[in-house]
Number of protein chains: 2
Amino acid sequence: MTAPRLQSWTAIVEEVTRRIASGDWAPGALIPNEADLAAEFGCSRTTVNRALRDLADKGVLDRRRKAGTRVRDLPDSRARLDIPIVRKQVERRGAQHGYHLLHRDHSAPPPAIAAQLELEAGQKALHLTSLHTADGQPFVLEDRWISTLAVPDALQADFAACNANEWLVQNVPLSTGEIGLSAAPAGAEEAEVLGCAPGTALFRQDRLTRNAGMPVTAVTMLFAPGYRMRLDL
Amino acid sequence: MTAPRLQSWTAIVEEVTRRIASGDWAPGALIPNEADLAAEFGCSRTTVNRALRDLADKGVLDRRRKAGTRVRDLPDSRARLDIPIVRKQVERRGAQHGYHLLHRDHSAPPPAIAAQLELEAGQKALHLTSLHTADGQPFVLEDRWISTLAVPDALQADFAACNANEWLVQNVPLSTGEIGLSAAPAGAEEAEVLGCAPGTALFRQDRLTRNAGMPVTAVTMLFAPGYRMRLDL
């Protein structure tokens, strides 16, 4: 491989950037010293030095007098997401929130849910399916399992009158959890409830919430078409 | 309306919770005093007091000696999301990252993008369409506009060799931005590039990034089917 002749420091900045972006020079890796780079690029050490200083100023390279110059790992962008209860989400859009319990039973969940809730085979949990509306239009379909080991009171609660999303926030301090966001096609029943065609692309939120390490609830929320979640960087 | 007779404090807790969840008692609203509630529920003031204390302990009610008892606004759940550059996202899945520039031009963006980038009618921006792969399989399709007012250097950069996602993180300190997450059906061209059927539900990320208040880039990322974004609560 013959290296190109790079006469200007900006051309070297671009070449170094390209090598990092292409992965030739990996994050954390030591790069060749200035003398070697000057020889490779066919330019003066001063030109190489000017380029490396520029990249160090930009935070791309990390230069240490004795340890040499390394590629900095690129920092992640960090976003913050506030997730209000569904009623608030609807109300913040200036709409009236409605809630309908579609189904309630106390039964053994499918294996994937049982594993998430850390239930033994055949152990029952409370299963609730409900629809939240905004000004009477479908907003989100909630398919929820509640561990009655973690929250025995849930068996007595009147989820026809009070939605589980809100009841849980009020009755269980939900300290930790994991959220998965994805896209999913509407199944036949989901499409009917949400008032869209089967196969419509829907925004899906899967959430597992724990209280003091103990799984409390696993919920899948399918939002009606057009839903958009906003985050600030 | 005849109120039900509620003899136990736990029944009162449940009734109060129901009224809050149903929105009858709004967040921030003053609720009736203990004497009035005792009369309404047909129980002793002691029983009402026991229930309200319990709800205050749970953070549902806010009790002040002289100002009365108010419904607390439910706190939002707060999630943190780290968004690495695409190459890192792929590498963290243990896969090899690949990148292909599909299209590049310098042209006037559609009105919605022009508005986001705060360009005047007819003003040009750099348009890049590219595909990121994981172990050779489509990972995400990137449709990006870069404001050459904000980043004139972008016109000289070699985006065939160095992907814009990484180039921008390295060359422009992207301080703020907004992200929209949604689900979208694959269009015909998108489906072809991503190797799926037209209409497939895809996870979509729209991102507008600013540097010192000035719009830098607007990008739409369409992830191949099966993509899931994870957040921690």
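In what follows, every chain begins at residue 1, and chains take the letters A, B, ... in the order their sequences are listed.
Here B:Arg204 contributes atom CZ and A:Arg228 contributes atom CZ; the two are 7.0 Å apart, rounded to the nearest 0.5 Å. Atom CD1 in B:Ile179 sits 11.5 Å away from atom CE in A:Met229 (nearest 0.5 Å). Once rounded to the nearest 0.5 Å, the distance linking CG of B:Leu181 with CZ of A:Phe203 reads 5.0 Å.
Each of B:Asn163, B:Leu55, B:Asp206 has some count of heavy-atom pairs under 4.5 Å with chain A, and the biggest count is that of B:Asp206. With chain B as the partner, the residue from A:Cys162, A:Ala184, A:Ala161, A:Ser182 showing the most heavy-atom pairs under 4.5 Å is A:Ser182.
Using a 4.5 Å cut-off between heavy atoms, A:Tyr99 does not touch chain B at all. Only the backbone of A:Ala157 comes within less than 4.5 Å of a heavy atom of chain B; no side-chain atom from C-beta onward does.
The side-chain heavy atoms of A:Thr10 and B:Gln156, taken from C-beta on, include no pair separated by under 4.5 Å. Between A:Glu14 and B:Asp158, the closest side-chain pair of non-hydrogen atoms falls below 4.5 Å.
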